[in-house]
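Structure, as C-alpha cells:
All figures in this text were calculated on a predicted structure; none of them were measured in a lab. Index from 1, following the sequence.
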Amino acid sequence: MPTIRMEQVTKTYPGRAYATTAVRDIDLVVEQGEFLFLVGSRGAGKSTLLDLIAGTVKPDRGRIYLDDKEVTAMTKTQSDKIRTCIGRVGQNSFLKRNETVYNNLSSERRVMGFFKKRVLDMTLADKALAIVGMPGSGNQFPRDLTTPECRRILVAKAIQTSPAILLLDDFTARLDEDTTGDMLYLLNELNRKGTTIFMATNSSYVVNSQRRRVVTLADGMIVGDVQKGRYGYIG
C-alpha cells in the first residue's frame, strides 16, 4: 500500500478579478494504514488537497508521490494507472436514483481506445456491498433507500476495486449522530483491514470521537498537525 507524500504543493485557480490560491506550499506525508482527518473552515483548501491527491487536478508547483513514484511527473495514462489504488467519495458524489445499485456501481471504461462502455464486475460489486453492510441490494433503487444506506452504497462504489487509499470529503454532513456513528464504525473496520482513510470534515463531533491524526488547514496552508488530536487544536 502506498504512502502519500506532498512536497511544496501549490494550486491556484484563475478568476476574473484575481487568482485564488487554494493550497500553498503543502508539505505532508500520510503513511500507509493511517486514519487522518483534514479540518479547516470553508475555503481553507480541504477539497482541493483531496483533488490533488486523487489526481483530478494538477498542482501548479510542487510534487506529489505515491510511494516513491512521482505522479506529478507522469503522463496522464501513467498517472491514471497508478491512481487506481485510490477510491474517493467526493463532496458532490451522488447515485442515480432511477438506476439500480448495480448500475450505479458500474464504471465507464475506455474499450480499445475508441469509446467508453459501462462495465460491472458482479463479484467485486457484491463483495463491496457486503463489506458496507448492504448485501443483496444490487437490484434495489437508490430512490427506495434511506440516506445512510445511500452513503454506504457510495462507499461500496469507492472500494469495490479494493483501493489502498480512501478519500472522503464531508462524508458525514447532514447525518444524525447515530448514523454518523455507524459510518465511522464502517470506516474504522476498513482502516483496521489496512485501508488508509483520509477524511475532510467540519464536524467537531466526528473528529473528537475518534482521536486520530488531525491536520488543520487555514488559507490553504497547514497550521496544525496533531496525533490523537481534537478539533480546533493545532498543537
Side-chain angles (χ1 to χ4, degrees), residues 4-31 34-64 72 86-94 147-148 150-151 154-155 158 165-184 186-188 191 196-235:
I4 303 166
R5 181 157 49 97
M6 309 181 81
E7 296 180 352
Q8 292 291 291
V9 172
T10 295
K11 178 63 182 178
T12 299
Y13 294 102
R16 290 184 178 179
Y18 54 87
T20 300
T21 300
V23 297
R24 185 193 311 273
D25 299 328
I26 295 292
D27 288 314
L28 181 67
V29 176
V30 181
E31 301 289 351
E34 278 199 78
F35 192 137
L36 180 148
F37 288 112
L38 183 65
V39 304
S41 60
R42 185 174 181 179
K46 301 188 298 298
S47 294
T48 296
L49 195 148
L50 294 185
D51 287 339
L52 287 161
I53 295 172
T56 54
V57 300
K58 284 188 172 292
D60 299 309
R61 189 171 67 248
R63 299 176 179 179
I64 302 173
T72 43
I86 297 175
R88 187 174 184 194
V89 181
Q91 200 169 40
N92 297 316
S93 295
F94 67 95
T147 296
C150 287
R151 295 289 171 91
L154 285 171
V155 174
I165 300 166
L166 182 59
L167 307 176
L168 302 156
D169 195 354
D170 212 16
F171 178 65
T172 60
R174 298 179 296 280
L175 295 180
D176 59 51
E177 286 192 7
D178 287 342
T179 303
T180 297
D182 289 342
M183 296 294 103
L184 290 172
L186 168 60
L187 296 178
N188 275 297
N191 179 245
T196 300
I197 306 291
F198 201 130
M199 182 175 181
T201 182
N202 288 318
S203 171
S204 58
Y205 165 76
V206 167
V207 175
N208 294 343
S209 69
Q210 300 300 299
R211 300 304 298 270
R212 299 281 193 160
R213 181 181 175 189
V214 180
V215 172
T216 303
L217 286 180
D219 296 325
M221 296 181 289
I222 293 178
V223 296
D225 188 346
V226 183
Q227 296 289 343
K228 298 182 180 180
R230 296 180 64 87
Y231 192 92
Y233 180 67
I234 60 176

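Tyr231 has its side chain out of reach of Val206: every pair of non-hydrogen atoms, C-beta onward, lies at least 4.5 Å apart. The shortest distance between side-chain heavy atoms of Phe198 and Leu168 does not fall below 4.5 Å. A 4.5 Å side-chain heavy-atom check between Thr172 and Met199 finds at least one atom pair inside the cut-off. Using a 4.5 Å heavy-atom cutoff, the side chains of Ile53 and Ile86 are in contact. Considering only heavy atoms from C-beta on, Ile222 comes within 4.5 Å of Val215 through its side chain. Side chains of Arg61 and Asp25 form a contact here, defined as non-hydrogen atoms less than 4.5 Å apart. Residues Val39 and Val214 form a side-chain contact, since some pair of their non-hydrogen atoms from C-beta on lies under 4.5 Å apart. For the pair Arg230 and Val207, the minimum side-chain heavy-atom distance is 4.5 Å or more.
For the atom pair CG of Leu28 and CD of Glu7, the computed distance is 11.0 Å after rounding to the nearest 0.5 Å. A distance of 7.0 Å separates CZ of Phe171 from CG of Leu186, quoted to the nearest 0.5 Å. With rounding to the nearest 0.5 Å, the separation of CZ in Arg42 from CG in Asp170 is 10.0 Å. Atom-to-atom distance recorded for Thr180:OG1 and Asp178:CG is 8.5 Å, nearest 0.5 angstrom. In this structure, Gln91 CD and Lys46 NZ are separated by 8.0 Å, a value rounded to the nearest 0.5 Å. Taken from CZ in Arg213 to CD1 in Ile197, the straight-line distance is 14.5 Å, to the nearest 0.5 Å.
With Val9 as the partner, the side chain to side chain contact (heavy atoms under 4.5 Å, CB included) test is satisfied by one option alone out of Leu49, Thr72, Leu52: Leu52. Evaluated for a side-chain hydrogen bond (donor to acceptor under 3.5 Å, both in side chains) with Thr21, the options Asp60, Thr12, Thr10 yield exactly one hit, Thr12. Among Met6, Lys11, Met221, the one residue that satisfies the side chain to side chain contact (heavy atoms under 4.5 Å, CB included) test with Val23 is Lys11.
Within 6.0 Å of the CG atom in Asn188, the count of heavy atoms belonging to other residues, nucleotides or ligands exceeds 12. Residue Tyr13 places its OH atom among more than 12 non-hydrogen atoms of other residues, nucleotides or ligands, all under 6.0 Å distant. The environment of CZ in Arg63 is sparse: at most 12 heavy-atom neighbours from other residues, nucleotides or ligands sit within 6.0 Å.
Under a 3.5 Å cut-off, the side chain of Thr201 and the backbone N or O of Ser203 do form a donor-acceptor pair.
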Going through the checks in order, is the side chain to side chain donor-acceptor pair (under 3.5 Å) test met by Asn191 and Glu34? CA-CA 7 Å; Asn191 179 245; Glu34 278 199 78; over 6 Å; no
Run the side chain to side chain donor-acceptor pair (under 3.5 Å) check on Asp182 and Thr179 step by step: do they pass? CA-CA 5 Å; Asp182 289 342; Thr179 303; 5.4 Å; no
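Note on Asp27 versus Arg5: no salt bridge recorded, every NZ/NE/NH1/NH2 to OD/OE distance being 4.0 Å or above.
Scanning both residues, Ala158 and Leu166, for their nearest heavy atoms gives CB-CD1, 3.8 Å. The minimum heavy-atom distance linking Val223 with Ile234 is given by the pair O-CB, 3.7 Å. Taking each heavy atom of Ile26 and Gly220 in turn, the nearest pair found is CD1-O, 3.4 Å. Across all non-hydrogen atoms, the minimal contact from Gly40 to Asn202 is O-OD1, 2.7 Å. Across all non-hydrogen atoms, the minimal contact from Asp169 to Ser47 is OD2-OG, 2.6 Å.
No hydrogens or angles considered: nothing links the side chains of Asp51 and Thr48 as a donor-acceptor pair under 3.5 Å.
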